[in-house]
Amino acid sequence: VSNRSADKAAVLQGTLDLMVLQTLDVLGPSHGYAIASRLEQVSNGALQLNMGTLYPALMRLEQRGLLRGTWGMTDTNRKARFYSLTVAGRRELAAEKRAWDRMTAIMQALLHREA
Amino acid sequence: MMRTLREWLLRLWATFRRRRTDADLEQELRLHLALAADEAHRRGQPPEDAERAARLHAGGVSQALDALRDQRGLPWIDAAMAGVGILPGLVFRHRGYFTFATTTLAVAVGVNLVVFTVVNALWLRPLPFPAPDRVVTITSHVYITLDAPALRRVRPQPFEAVAGQVITADDYGLGSLLPRLVLNGRDVETVGVTPEYFKLLGLAIRGRDFTQDDNRAGAEPVAIISDRLWSREFGRRPDVVGAVASAQPFSIRIVGIAPRDFEGARRGEQTDVWIPSNLVPRIAPAARESAGSLPLMIFARLAPGQSVADVARHLLDVPVDDGDRRGFTIVPLKDVFGTPKSPTFVIREGSALSVVAGLAMLVLVGGCATLAALVLVHYERRRRELAVRVALGASRMRLTGELSRELLLIAVSGTLGAVLVAAWGLRAIPSLSLPGGVNLGRLDLSIDWRVLGAAVAATLLTLVAAACLPVSRFTRASLAGDLLAGPAATSSAASQRIRQMLLALHVSATIIVLIAAGLFVRAVIHGFGNAAGFDFERTAFVTVQVNSPSDFSSIKSASDWAAFDYDRLWKAVAARKSRVRDALGSLPGVIEVAQGEPPIGRDATMGLLAPKVVETQGVRRELLVGTMSGSPELLAALGIPVLAGRALTSADATAKPAPAVVTASLAQMLWPGENPLGQVFWFVRSRFGRCQVVGLTSDFVFGSFARPATGVVVTVSSDHGGFSNFIIRAAHPDALVDGIRQAAKKALPGAPWVKVATGREIISADLGRQRLGAWFFSGFGLTALLIGLGGVFGLVAYLAESRQREFGVRLALGATPRDLVRHSLAAALVPVALGVAAGLVLAAWVARLFTSLLTGLSALDPLTYAAVAMTMLCCAASAALGAAWRLRRMMPADVLRTD
């Protein structure tokens, strides 16, 4: 994560995996650049993942059996590695989303409820 | 949890077998950059700006690749493997250092391993039966049997149990009593024991033990076999117990099997079959002729509360059958070595064991000191290289890891080398003929892994300790200084001091070992020099059995002894002796033949077990006096000159008081300041009658070098014994040995036994322990010297080299090359001299521990000390000179330019 400028959001510890899984769920099989672009677009440029952060995360998720990587061709006829969710990845995404929703609800209540 | 485990397993797998190569990863990253650049270009940036923006946005490929590699495998295993990969190159680059360090380690640890394995086999390994400390062997100058009345008279009876084993070596000149039993076509090592043997040792027999019935005349031949024989010949079949085994010369019933690992009571025995002692005469021809009483080695288990020292003192005062007060000696069984063919040899002498072990440790200490110095010097030389790497960003952890791997490589290869050295040494040792009849091939010389573990731990500690200084450097910020100066130009004062200390330590250790070796070698040389006092180089000793069983054929029962015609026997024996003597005298090269026993050897030593009380002029003195008697030519045959008075004559055999020749020092002790000639003396409580001094001889060793008599009395006697001893004086006795044996056999065709030993052989046997010591310590000394010289040479050379910068400044300031050579010599020799001084003091202290073994030599023998000190100083000086020689051509500008 680029942390050189204050207006760029730091990726919350442990949320990168969830973001990658969700992006792949939405986009379907995608290469690394597409994932990074999608995250940047969704966050309005606040999330700029550099390669040193994104690709080790993809490899980690693949090693855990949540993603599957295969080589294919892009629209512009370039050889790229496409990542897709595995069944375990979908299960993990669902579980992580539930946990995230619960946590955000707790945080919301904690931070904004009036006495 | 399972996912994390899967991730780690995949990473571990990927460490060794990569599914995704670096090229594969890089291709993915480069595509990312290309797509980012395309995007920037689409937004209107020129192509070159677009690429730059993409790199800024997405980060560098190499950093991302590093992060991916870390994620792909397990980085620390990767680093270790990469380190192992570069080791061969590193070893080649520093091959001198690695070779010397590995060799030093291999030799120092290997020698220790050999020594401690031998020491363990000879002394330390417990005997294979319960409470071995309480089991002793009892010997006497006459052979004893279990029912020896003298032993039974001892009160209070100090023994819980007594047993015997037939002596099979020709200790008593009876000829070999070695039983020869052939089982399944193979000779098996057999000993005869009394029925109490296994009970005394506390061993449980599988099957049954011997009983008194087994030892009766006419009993069925029975045997107990060893576990080894049971495995080898009978495949551990249980039905062997009770079965009759077909053997030669007769079949034998196996009644029991001895416990595993038990092969005999003494170290060195490898017995396969034990038989009742009375069965021995049936399979040992010589035993048949020993008229029924077999010489026994007596084993006894001390009663509770009795100590070996108390019992030994007690037994020494017990008279045996000749009335002399020179009874029995007692030795703990763990301290003896013996084989069926060699006599029992006492292998413990005071603190010799601790000295041997201590000196072996010193070799290890010396090796460790050299190793530590080498490591220091090596990293001192590599300071600049390491400083550059730290400056280029190598982490301290990485450098420390690399250093650990190098040290581990030395430790592992050194240990492997040590095992090879030890394996070779332990294979070579049994083939060496060690003095004293110690045949190491009969001991279990398997490598003692505990010793290897301890030695390797010591060397690892040394390596780690020596590596502490370079490691501490990595953690300090002084590397800039190292970068500025040359590699050898800046050795720190601390490192110099440590190296000098190590040099001194090594020199001390080497000096101690060399002095111990030197003292033993000198003691042996001294023994072979003039110390014997008689002309052993021109003497041979012959023992012939002149009686034969047929002489006693008229004896059918005990009552027949009373009517036995002794006079006829004496005459026959005298005639036979005369024949042998004439035959020996007619051999070419023989100068003189006399009747008499050798002054050095078992019989003479046994005669000196206790002092004799000598009475002269009404005064009694207790002295360790030796007595010799034989024909009048005895002294001439030994080459001992008569200094005053007259030589003995044949007429002296019957004269009263018996004319005697005494040694000069005995005369000085008995009659100080008086003329000894004509003086009369006698030995109190002895059958030796009154003697009158008729002559005086020079002193000579009687008994043994280790415990010689303080004086000797020589008389003429007519010998009626069944054995006859001759002393032959010849120009070259070595060449005559076979001739002597043949001549004796020819003169007495029926003689069952002839034994010939040259003077040199007798002295060699007597100096057994000293020669054993000389063997051991010379081995240590040579090893220590080799390691030491290599160490001294390297260290001294480095000391000179490490001061190059200082020398450059001195040259620039006007010093001459000769001054530099002198200066570097002095700088190197000071620690060596300190080491020599400390070594000499410590060696003097160590030598006190084995003074008793240094026959006729002081533990502070100045010649040995001076020679060793000079050798060490000369070696160090030549090493320093060799190293300093290069300084002659040193140009100040060249040296200072390296700064």
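Because only heavy atoms are used, hydrogens play no part in the values below, and waters and symmetry mates are left out as well, while side chains stay in. All values derive from a computational prediction rather than experimental measurement.
No other option in B:Gly59, B:Ala36, B:Ala64 has as many heavy-atom pairs under 4.5 Å with chain A as B:Ala36.
Contact of B:Gln63 with chain A is not made at all, since no heavy-atom distance falls under 4.5 Å. Within the 4.5 angstrom heavy-atom criterion, no atom of B:Asp70 approaches chain A. With a 4.5 Å cut-off on non-hydrogen atoms, B:Leu31 touches chain A through its side chain but not through its backbone. With a 4.5 Å cut-off on non-hydrogen atoms, B:Leu25 touches chain A through its side chain but not through its backbone. With a 4.5 Å cut-off on non-hydrogen atoms, A:Ala34 does not touch chain B at all.
B:Asp38 and A:Arg78 are joined by a salt bridge, as a carboxylate oxygen and a charged side-chain nitrogen come within less than 4.0 angstrom of each other. Between B:Asp49 and B:Arg52 there is no salt bridge, since no side-chain N of the basic residue sits under 4.0 Å from a carboxylate O of the acidic one.
For A:Met73, the CE atom is densely surrounded, since the number of other residues' heavy atoms within 6.0 Å is greater than 12. Within 6.0 Å of atom NE2 in B:His41, 12 or fewer heavy atoms from other residues, nucleotides or ligands are found, so the atom counts as exposed in its surroundings.
Put simply, the side chain of A:Thr86 gets close to the backbone of A:Leu66: a donor and an acceptor are under 3.5 Å apart.
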